[in-house]
Amino acid sequence: MATTTATLNLTSPDITGDPLNLSKTVTLTKAGSNTGLDQFTGITTVVYAAAQTAANIVAAAAYADTTTSHKVYIKNSATGTSDFVTVELGGSNVLMGRLYPGDWCFFPYDGTLDVDIDTSAVGMKVEYGVFSQSVAS
């Protein structure tokens with residue numbers, strides 16, 4: 001089986017007193033093993049005609065087994081300078097944070113809460129996808 005890796009590169013000449021150049025790579029594996037994740041939703045790109053409130057992008061019902069490994073990717077692809085996406089978890093919409101234009105997030109997901117977003121403007125473009133482990137062995 002092929003492996004899936006995620007790499008994060010941080011480079012900044014002015015975030016610290018010295019230039020910062022950090023690179024980390026991780027292999028996305030099934031829970032409790034070295035075997036790679038075997039499911040991927042693909043990247044969905046949506047342009048919302050109207051500002052959204054609690055738009056569901058990852059439904060917990062699709063991920064029944066919480067002892068498996070899942071990862072969520074979300075990107076604010078808006079081109080405006082101040083259009084943000086708010087990422088929220090669960091029916092009570094617990095705030096995770098905001099993604100400003102060009103920002104993205106990648107986080108572990110246990111499959112027990114919906115992932116929802118709010119958008120701050122009309123015509124915003126958002127990308128998202130889920131890397132996951134099938135319930136079957």
Side-chain angles (χ1 to χ4, degrees):
M1 169 162 292
T3 59
T4 301
T5 59
T7 301
L8 174 66
N9 293 306
L10 294 174
T11 304
S12 176
D14 57 6
I15 199 168
T16 65
D18 296 316
L20 173 68
N21 190 0
L22 174 71
S23 181
K24 292 293 180 184
T25 299
V26 64
T27 301
L28 306 180
T29 58
K30 292 181 178 182
S33 79
N34 292 324
T35 306
L37 293 179
D38 56 0
Q39 302 289 308
F40 178 50
T41 62
I43 298 298
T44 300
T45 302
V46 179
V47 177
Y48 292 103
Q52 300 294 300
T53 300
N56 181 255
I57 61 169
V58 179
Y63 302 93
D65 189 337
T66 62
T67 63
T68 58
S69 179
H70 313 296
K71 311 291 186 248
V72 175
Y73 162 80
I74 305 169
K75 180 180 180 187
N76 177 355
S77 295
T79 56
T81 58
S82 61
D83 299 339
F84 61 86
V85 172
T86 303
V87 180
E88 303 167 336
L89 295 176
S92 58
N93 294 80
V94 175
L95 177 66
M96 275 188 64
R98 286 185 176 177
L99 300 173
Y100 292 94
D103 284 350
W104 55 271
C105 64
F106 187 78
F107 57 92
Y109 175 62
D110 74 353
T112 60
L113 300 172
D114 289 343
V115 178
D116 299 336
I117 61 169
D118 297 342
T119 60
S120 65
V122 173
M124 289 189 61
K125 183 177 177 181
V126 178
E127 297 176 4
Y128 59 91
V130 180
F131 298 85
S132 62
Q133 175 181 343
S134 66
V135 176
S137 56

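Hydrogens, waters and symmetry mates are skipped; everything else that's a heavy atom, side chains included, is used.
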Colleague: Side chains of Ser134 and Asp38: is there a donor and an acceptor less than 3.5 Å apart?
Modeller: yes

Colleague: Could you state the interatomic distance from NE2 (His70) to CD (Gln133), rounded to the nearest 0.5 Å?
Modeller: 7.5 Å

Colleague: Evaluate whether atom CG of Asn9 has more than 12 neighbouring non-hydrogen atoms of other residues, nucleotides or ligands under 6.0 angstrom away.
Modeller: yes

Colleague: Please write out which residues are connected to Phe84 in a hydrophobic cluster, directly or through intermediates, given that two of Ile, Leu, Val, Met, Phe, Trp, Tyr count as joined at side-chain heavy-atom separations below 4.5 angstrom.
Modeller: Tyr100

Colleague: Just by distance, do the side chain of Thr27 and the backbone of Thr29 share a donor-acceptor pair under 3.5 Å?
Modeller: no

Colleague: Sequence neighbours left out, what passes ring-ring contact (aromatic ring centres under 6.0 Å, His included) with Tyr128? Give chain and number order.
Modeller: none

Colleague: Side-chain atoms of residues 49-62: list all donor-acceptor pairs with protein atoms under 3.5 Å, sequence neighbours left out, distances to 0.1 Å.
Modeller:
residue : atom : partner : partner atom : Å
Gln52   : NE2  : Ala50   : O            : 2.9
Asn56   : ND2  : Val58   : O            : 3.2
Asn56   : ND2  : Asp116  : OD1          : 3.0

Colleague: Does Thr41 use its side chain to pair, donor to acceptor, with the backbone of Val130 at less than 3.5 Å?
Modeller: yes

Colleague: Any chance you could measure Glu127, atom CD, to Thr45, atom OG1, to the nearest 0.5 Å?
Modeller: 4.5 Å

Colleague: Does Phe40 have any ring-ring contact (aromatic ring centres under 6.0 Å, His included) partners at least two apart in sequence or in another chain, and if so, which?
Modeller: Phe131

Colleague: To the nearest 0.5 angstrom, please state how far the CE atom of Met124 sits from the CD1 atom of Ile117.
Modeller: 8.0 Å

Colleague: At what distance, to the nearest 0.5 angstrom, does CG of Asp114 lie from CG of Asn93?
Modeller: 9.0 Å

Colleague: Are Tyr73 and Val26 connected into the same hydrophobic cluster when the rule is that any two of I, L, V, M, F, W, Y join if their side-chain heavy atoms are below 4.5 Å apart?
Modeller: yes

Colleague: Apply side-chain contact (heavy atoms from CB on, under 4.5 Å) to the pair Val85 and Asp118, showing each step before the final yes or no.
Modeller: CA-CA 6 Å; Val85 172; Asp118 297 342; over 6 Å; no

Colleague: Asn76 side chain to Asp83 main-chain N or O, any donor-acceptor pair under 3.5 Å?
Modeller: yes

Colleague: Going through the checks in order, is the side-chain contact (heavy atoms from CB on, under 4.5 Å) test met by Lys24 and Thr7?
Modeller: CA-CA 6 Å; Lys24 292 293 180 184; Thr7 301; over 6 Å; no

Colleague: Over all heavy atoms of both residues, which pair between Ala78 and Pro101 is shortest? Give the atoms and the distance, please.
Modeller: O-CB, 3.5 Å

Colleague: Of all residues at least two apart in sequence or in a different chain, which pass the ring-ring contact (aromatic ring centres under 6.0 Å, His included) check with Tyr48?
Modeller: none

Colleague: Would you please name every residue forming a side-chain hydrogen bond (donor to acceptor under 3.5 Å, both in side chains) with Lys71, sequence neighbours left out?
Modeller: Ser69

Colleague: From Thr4 OG1 over to Leu37 CG, what is the distance, rounded to the nearest 0.5 angstrom?
Modeller: 6.5 Å

Colleague: Let me confirm one number: the SG-CZ distance from Cys105 to Arg98, rounded to the nearest 0.5 Å.
Modeller: 14.5 Å

